[in-house]
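Structure record follows, encoded as structure tokens.
Letters A, B, ... are given to chains in the order of the sequence lines, protein chains preceding strands, and every chain is numbered from 1.
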There are 2 protein chains.
Amino acid sequence: MADGRLRRIPEATVARLPVYWRALLELAEEGTPTVSSEGLAEMAGENAAKVRKDLSHLGSYGTRGAGYDVQLLTAQIGHELGLNEDWPVVIVGVGNLGRALANYRGFSSRGFRVATLVDADPAKVGQMIGGLVVSPVDDLPALVEREQLAIGLIATPASAAQGVADRLVAAGITSLLNFAPAVLTTPDHVLLRQVDLSIELQILSFYERHPLEVAMRRAKMVGDLAARPAPSF
Amino acid sequence: MADGRLRRIPEATVARLPVYWRALLELAEEGTPTVSSEGLAEMAGENAAKVRKDLSHLGSYGTRGAGYDVQLLTAQIGHELGLNEDWPVVIVGVGNLGRALANYRGFSSRGFRVATLVDADPAKVGQMIGGLVVSPVDDLPALVEREQLAIGLIATPASAAQGVADRLVAAGITSLLNFAPAVLTTPDHVLLRQVDLSIELQILSFYERHPLEVAMRRAKMVGDLAARPAPSF
DNA sequence: ATGTGTGAATCGGTTCACAGCC
DNA sequence: GGCTGTGAACCGATTCACACAT
């Protein structure tokens, strides 16, 4: 990138950085000092050209002939992703999914920390879940302020999701991860991502009904990764 | 599409069909007989041109000057997605997340049905969760055969995920939805999708650290949808 | 000799703009 | 007049292929 300090990292690259970072962490743990784009590609389920292009967007952290320094690259990616910082998150909705998220060890693993639980149902307010007391929705502005919350997870029924999003945004939240099966609208400065279980399943059932397309979709990827021997058949 | 019966529906389109379908269902319930690409776009959070292009891949189901017949289009999309059929799924791993998935009402809402729960932990085998008994992993081949399972959800720890995927594939499963934070490898005929919570959060924290990019990413979308009045500020 | 970094070619997907049908 | 269906233009992302640094 010739190091022209005005980085614009493509969205597709951003979405893969966490995968590289996880692979690098694994390499660091086993003490591997350097890794090639080829090696990293295999661990990340991508191809080497893509890995090199992706990493080049961060700067020039590789060494020609030798590969990438694992420690250095881990630190750089972690820095870009903000993984050194502490990210307190709020979960709204403590039904099945909200409770599972609240108890999920795994984002606590890097920087993310469930700081607050909120629910609209008065019967749930005051309950203790995963070591936290459930607060009423009206407390959101105060909680966002006090806990310095920037990220909100919406785990309510679909019908409540837009209202909750509005209140989160009004309270000052700037990143939302919505698990409710509903299309949400937010102001431009708010980043909104969807995780929709039943959409994922519907995509799978589409391809179950169109099996030829699965083969063709994946055929182009031949050689991407040293195709592990397929188990049995 | 001139109806040249060799449809190749773009992947991006497939991923949006469930959103259109949900919107159409809503319209059908309130008795709206037809909808324009503009109207559907607003409900789906897309723009009208994209909706028209997407729908054109299915065939010519609109009427120029009038829009799309809600009933007809719902049926067509539902048909493509296989939503009339019954899709029994198996969930492997009944930890926090697996249990939440097992109890999730919402994919039961259309065609999908949790038919089987499996876990490697002998202490969990035999437990009753959401009306189902947890089976041992070794029973997978028999269960897949008996229940005619095609879709598997992996909700195990990362370390177990590849092994579980291998056993599911060996048992005959052809679609996998992996919730474990691990890169999996499967044979070409198997469709694999990832849902990775901590990657989603890391993407959010990246953009929290690069707020200018959020604004720019969304600026281009101005006019996409009749920007609902932003709540307060 | 090895493996990065990057222009150039390519591809898939989105947007534009309008011809054609109701 | 209104709205779909679609070629053409455009754009972002992926892949190719190789010059260049170690």
Check: C:dT4 P sits how many Å from A:L72 CG, rounded?
Finding: 14 Å

Check: Thinking salt bridges, do B:E213 and A:R8 make one under a 4.0 Å N-O criterion?
Finding: yes

Contact list (N/O, under 3.5 angstrom) for nucleotides 18-22 of chain D vs protein:
{"unit_1": "D:dC20", "atom_1": "O2", "unit_2": "A:R64", "atom_2": "NH1", "d": "3.1"}

Margin query: Using OP1 and OP2 only, check whether a side-chain N or O of B:S36 sits under 4.0 Å from D:dC3.
Written below: no

Note to self: Closest-nucleotide mapping onto DNA chain D: is B:S37 or A:D54 further toward the 5' terminus? I mean the 5' end.
What the structure shows: B:S37

Item checked: Side-chain H-bond candidate by donor/acceptor type, A:S36 with A:E38, under 3.5 Å -> no

Margin query: Going by the rule ring-ring contact (aromatic ring centres under 6.0 Å, His included), which residues pair with A:Y207 if we only count those two or more places apart in sequence or in a different chain?
Written below: none

Next item on the list: State whether a side-chain donor-acceptor pair under 3.5 Å links A:T174 with B:E208.
Entry: yes

Next item on the list: Name the residue closer to the 5' end of DNA chain C, choosing between A:K53 and A:G67 according to the nucleotide with the nearest heavy atom.
Entry: A:G67

Note to self: Using heavy-atom distances to pick each residue's nearest nucleotide on DNA chain D, tell me which of A:R16 and B:A66 is more 5'.
What the structure shows: B:A66

Next item on the list: Keeping the roles fixed (side chain from B:N96, backbone from B:A100), state whether a donor-acceptor pair exists under 3.5 Å.
Entry: no

Note to self: Within the 4.5 Å heavy-atom criterion, are B:L201 and A:L177 side-chain neighbours or not?
What the structure shows: yes

Check: Does the side chain of B:Q194 reach to within under 4.5 Å of the side chain of B:F179, using non-hydrogen atoms?
Finding: no

Margin query: Rounded to whole Å, please give me the gap between CD in A:Q76 and C1' in C:dT4.
Written below: 16 Å

Checklist line | Nucleotide D:dT14, atom C1' - distance to CD of B:E11 in whole Å | finding: 14 Å

Margin query: Looking at B:Y68, I'd like to know whether one of its side-chain N or O atoms comes within less than 4.0 Å of OP1 or OP2 on C:dC22.
Written below: no

Checklist line | Exercise: do B:Y61 and B:D69 side chains pair donor with acceptor under 3.5 Å | finding: no

Next item on the list: Please report, rounded to the nearest Å, how far the P atom of C:dG12 is from the NZ atom of A:K50.
Entry: 13 Å

Notebook entry, point to check: How long is the line joining CG of B:L55 and P of D:dG5, in whole Å?
Noted result: 8 Å

Next item on the list: Provide, to the nearest angstrom, the distance between the CD atom belonging to A:E38 and the P atom belonging to D:dC16.
Entry: 13 Å

Check: Can you check whether B:I151 reaches B:V90 side chain to side chain, under 4.5 Å on heavy atoms?
Finding: no

Next item on the list: Mind calculating the distance between CG (A:L73) and P (C:dT4) to the nearest angstrom?
Entry: 11 Å

Note to self: Please tell me if A:N47 has a side-chain N or O lying less than 4.0 Å from either OP1 or OP2 of D:dT14.
What the structure shows: no

Checklist line | Terminal helix-axis angle for the helix from C:dA1-D:dT22 to C:dC22-D:dG1, with five pairs defining each axis and rounding to 10 degrees | finding: 0°

Check: Separation of B:H57 atom NE2 from D:dT4 atom C1', in whole Å?
Finding: 14 Å

